[in-house]
Structures are given as structure tokens and as C-alpha cells.
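Sequence lines set the chain letters: A, B, ... in the order given, protein chains first and strands last, and positions in each chain run from 1. Computed from a prediction, not measured in an experiment: that's the story for all the values here.
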There are 2 protein chains.
Amino acid sequence: MNMNSNVAKVASLVSEPSRAAILTALLDGRYHTVNELAHMARIKPQTASFHLKKMLDAQVVSAEKQGRHRYYGIMNQEVAQVMESFLSIAPAAEIKSFKHASEDKAIRLARTCYDHLAGNLGVQITESLKRKGFIAEENDTYSVTEEGIAFFHSIQIDLTSLKKKRRSFSHKCLDWSERRHHLAGALGNAILEKFLERNWIQRIPKTRAIQITPQGMKGFKEIFAIDMDRINKNGSHTF
Amino acid sequence: MNMNSNVAKVASLVSEPSRAAILTALLDGRYHTVNELAHMARIKPQTASFHLKKMLDAQVVSAEKQGRHRYYGIMNQEVAQVMESFLSIAPAAEIKSFKHASEDKAIRLARTCYDHLAGNLGVQITESLKRKGFIAEENDTYSVTEEGIAFFHSIQIDLTSLKKKRRSFSHKCLDWSERRHHLAGALGNAILEKFLERNWIQRIPKTRAIQITPQGMKGFKEIFAIDMDRINKNGSHTF
DNA sequence: TAAATATTTCAATTATCATCGAAATATGGA
DNA sequence: TCCATATTTCGATGATAATTGAAATATTTA
């Protein structure tokens, strides 16, 4: 509510080096596990857990559980801004980055999550929809805007029939490889089905990985302004 | 050894009560001595000195030595803004104000400092010149802007001849009664001489104090938008 | 079910830091 | 020169809080 109360809270929490390191790491906007954050801040997981609990209580970070992992992220934009204001007068040293253990690149690039798109492609689609103002973020869900209704109609996705289904229409799903949210629910499923139907993507047998076809590359660029080819080559997944 | 220790360092400066009190005191934009700041923060001078050294290292405050005093002030506007965003919400313990030992009011209002104007009048003139964009602050000096050249010409001060003199053209001088900088150097001297010449001010014999004449009151109001009469009555020197 | 991994809780240790007395240093004034 | 004042440095103390090993809990995988 009050931005100022956050300011005071963050101030007291940032003053400790380990917490500052954790928060700086989280400024990438993504979610990270306790072990990762401990590694980045060069402390043991217990210590990181101790600090994260404090920051969770103070509502400076948010947590989301998924399996045996617990993903932590910056609470909101206000907190990030306070951190940035610090960085403006005390430029931060770089954060020690590390590479993930060798994991399948394909599954990070694009995959299914239950019945919707995930991985870099899933997140990029979601970001594109937000950027173009077709969907808007709510608490745990996305809502479709007036422009969005027209857009989904133009790509032959019928929203009214989707809303009749006995399942969540559209909710946020945390992406483990991207550490950002992507679009899930009936709408997410409809988008996946539509891309498969148009042959923009193909399932790779025996895995959850998705293959982007040449038509897909073209379509994602034209309709969503996403260049998956460039992303693929850059290998934006080492951090 | 933590990577982001600088962020933590700056943040810790605000979150510690004594330092917060000192910084709050300095947010008036003026310079204060160690003893004053210690008194305001209700700590011993040693402790204040300890904190001020830390903040000096972190480039959050600046120091200026003058005789056996050392004046501390906020480093810059950027720091002040960040501090204010914190302190406006969580104000540290109230600052104990105190009156200076009874000192001559006249000498605080207006006096000469070597060969230029000091005291409230000197500072006000300097602030007015800055506000109107006639002079601009450099590191330790003031520079005259394009508009300033025209202005000084209009009041019959010849800048080119001043620059030929073998002395500092225009430098900052810390005012002990106002705790702010005023304009010194050849330009400061020329301004003093001009005011004397126009009979806006008169020297009070045997002291460094300056008397403002009725013409001066009028002139300062018209040309510099300074109401010395009001300032005189309000007695803005108790703090 | 058992083993492996991720995270948290607990308790004990350790490190940090503000504080202030005492003493050193620097400066101004008589 | 001597004395008063302003400030800093040093060293000791005490309070607070970070850290981590050990153990508990939870969850996935085989």
C-alpha cells in the first residue's frame, strides 16, 4: 500500500551484506532457489534461509513453492526501486554468476508445462502479450483486455467457449528455467493447441521438449515480435 | 569480502540510529561541526567522529577544515534525496536544538570576511545569484554564466578586468555563522566594493560587522529578491 | 520403501559494531 | 610559551546479530 513503509523496511534489511547480495541477485526479476541464492551470496543454505525468512516476513521478497524447491523473488516493483536508488549512490559490484549444471538446452528453450507452453518460448509469448496490452496482470492471474479479445479472435481462439470450461481460465505459472511467470490455464492450453495446429511447434517424442518449426520462427516474429532464432544462438541461459 | 558490500555500506549508514540522526541534522543543507552533530545526535564527540569518518569514506558526507573546526555537510543533492526518501518516514530521534552562546547579532547578519561579504547577507546574495542562474557551482569555485556576464555588466562590474588580477577570481568560502558557502575571491570583493560605493551597506567601525542602509534594503529586494528586513526581524539564527 | 535432495529449525559459537574513557594531535588565543 | 578548545585515535567493553553444524521435515526419484 504505502510505498514509504516499504522504503523503511528495505532500508533496514539492505544494510546487511548477505541480504544486500541476495537482493541484488534477485534484481534480475527472476525467481531463485535458496541454494542458488546462498551460492551467489557465498553463504551456507541455512544462513540464506534465515535471511530469506526475515525478508519474507518484511514482505520484501515473495516465495513460491514448487515440489521440493522454494523459489524466492523480489516482492514488487517498489522494492526493486528502493534497491536501485541505493545502487545509484553506491554502484554495485558484479554478482558472481555461475553456470547451471549441464542441462538440456532444448527443454529450456521450449517445453510443455502440463498442457501449456513453458520455457523461454512460453515466457516470451506471455511477455509479448503483456507488452502489447492484450493481457493484464492481476494477482495470480492474467485478464484479457479489450484489445486482447480482438487479438485472440483474429488468431481463431474463442474466449467465450474457454470460459465455460470447468478449469482456471488463465493463471500465472512460475517457469523454473526462466524464473519468470508464464501463462497457464485454459487460455495457455488453447495457445499451445493453436501453435501445434498451425505447425509452428512440434512435440519431441519422449520428452516435454518442444521443437520450433521454420514456420514457427516466422510466425513468432511476425505476430509476437519474438526472434527465437536469435535467442537460440545467443544461449541466454547461462547465468 | 562480500561483492555488494558497498550497497550494504550505504544502506547501513541510514539504518543506524546515530548516523540517521547526524544525517537528518545535515539535511538542512548546512555544515556543522563535530561537537554540534554529537550534541544533536546525543552521543559523545568521539562517537560522532567515528561515524562521520565512516560516512566520509563512503562519500556520503563531505568535510571542510577551517581552523580548529571541521565542518561536515551532505555530499551532494543525490545523496540528500536518497536520505530524505528514507528519513521522511522513519525519522530518527528528534534533534535537540540549541542556541548559540549569545553572540553579536549584527555580525551574524552581515560582515566582511577578508575583503568580501559574509554572514546572512553574503550567503543570501550568493544563493540569489545561483538561483537566478548568474553563477554556477563548480568544485571549489563558482563560474559566471552567459546570463551572469550580462547581469554583472548591468550593475557595472567589469569581469574581464577582474580576471586579470593575480588572485582567485571566484571561490567558495564556508560561512561560520550560516554554515553555507558564500562567494569569495575577486568577484566577491568587487560585489562588496560596489555595494559600499552605492551606499547599500556601511562598515561599522572597529568591527567586521556591516550595516545595511535603507537604500540597501530596497536594492537587495529589487535586484536580488532578498528581504533583509524580514530576516532581521525573524532572527533566523537560533537553531 | 529406501535413498537423495532441498529446505528449515535449533543451538552454540563467532564476528561485528556502537559506545565511551583516556590519551594524542592540532589549532587559536593570551 | 602555556592553556583552552576541537577533533581524532586507541583500546576495552558489551550488546546485537550473523554464521554454521547437526538434526528435523518435506519431497522427489528409484
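- For B:Phe50 and D:dG11, the CZ to P distance is 15 Å, given to the nearest whole Å.
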Using the 3.5 Å cut-off, write out each protein N or O paired with an N or O of nucleotides 27-30 of chain D and the distance between them.
unit_1, atom_1, unit_2, atom_2, d
D:dT27, OP1, A:Lys65, NZ, 3.3

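- Counting to the nearest Å, the P atom of D:dT16 and the CD atom of A:Glu16 are 17 Å from each other.
- Between B:Glu127 and B:His181, the side chains place no donor N or O within less than 3.5 Å of an acceptor N or O (distance only, hydrogens not considered).
- Within the 4.5 Å cutoff, the side chain of A:Tyr72 has no heavy atoms near those of the A:His32 side chain.
- B:Thr213 is listed as a side-chain neighbour of B:Gln202, based on a closest heavy-atom distance under 4.5 Å.
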Let's go through B:Leu37 and B:Ile43 carefully: what are the C-alpha distance in whole Å and the side-chain angles of both, what is the deciding distance for side-chain contact (heavy atoms from CB on, under 4.5 Å) to 0.1 Å, and is it a yes or a no? CA-CA 9 Å; B:Leu37 293 169; B:Ile43 48 178; over 6 Å; no
Only distances under 3.5 Å count here; give the side-chain donor-acceptor pairs of residues 182-195 of chain B to other protein atoms, sequence neighbours excluded, each with its distance to 0.1 Å.
unit_1, atom_1, unit_2, atom_2, d
B:His182, ND1, B:Asp175, OD2, 2.8
B:His182, NE2, B:His116, NE2, 3.1
B:Asn189, ND2, B:Asp115, O, 2.9
B:Lys194, NZ, B:Gln156, O, 3.1
B:Lys194, NZ, B:Glu197, OE1, 3.4

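- Taking atom CG of residue A:Leu52 and atom P of nucleotide D:dT19, one finds them 12 Å apart after rounding to whole Å.
- Between the P atom of D:dT8 and the CG atom of B:Leu37 lies a distance of 10 Å, rounded to the nearest Å.
- A:Leu52 has its side chain within reach of A:Ile22: a pair of non-hydrogen atoms, C-beta onward, lies under 4.5 Å apart.
- Taking atom NE2 of residue B:His69 and atom P of nucleotide D:dT5, one finds them 12 Å apart after rounding to whole Å.
- At whole-Å resolution of the value, CG in B:Asp57 and C1' in D:dT8 are 13 Å apart.
- Summarising the geometry, the separation between NZ on A:Lys53 and P on D:dT19 is reported as 17 Å, rounded to the nearest angstrom.
- One atom, NZ of B:Lys44, and another, C1' of D:dC10, lie 18 Å apart when rounded to the nearest Å.
- Scanning DNA chain C 5' to 3' for nucleotides with an atom closer than 4.0 angstrom to a non-hydrogen atom of chain A gives a first and last hit of C:dA4 to C:dT9.
- Of the side-chain N and O atoms in B:Tyr72, one or more sit less than 4.0 angstrom from OP1 or OP2 of D:dT8.
- Residues B:Tyr71 and A:Ala48 each lie close to DNA chain D; by heavy-atom proximity, the contact nearer the 5' end of the strand is made by B:Tyr71.
- Between A:Glu137 and A:Lys130 there is a salt bridge, since at least one side-chain N of the basic residue sits less than 4.0 Å from a carboxylate O of the acidic one.
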Test side-chain contact (heavy atoms from CB on, under 4.5 Å) on B:Glu64 and B:Tyr31; report intermediate values, then the result. CA-CA 9 Å; B:Glu64 209 161 308; B:Tyr31 287 75; 4.1 Å; yes
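- When the shell of 6.0 Å around CD of B:Gln59 is examined, it contains 12 or fewer heavy atoms from other residues, nucleotides or ligands.
- Put simply, A:Thr47 has a side-chain N or O that comes within less than 4.0 Å of OP1 or OP2 on D:dT20.
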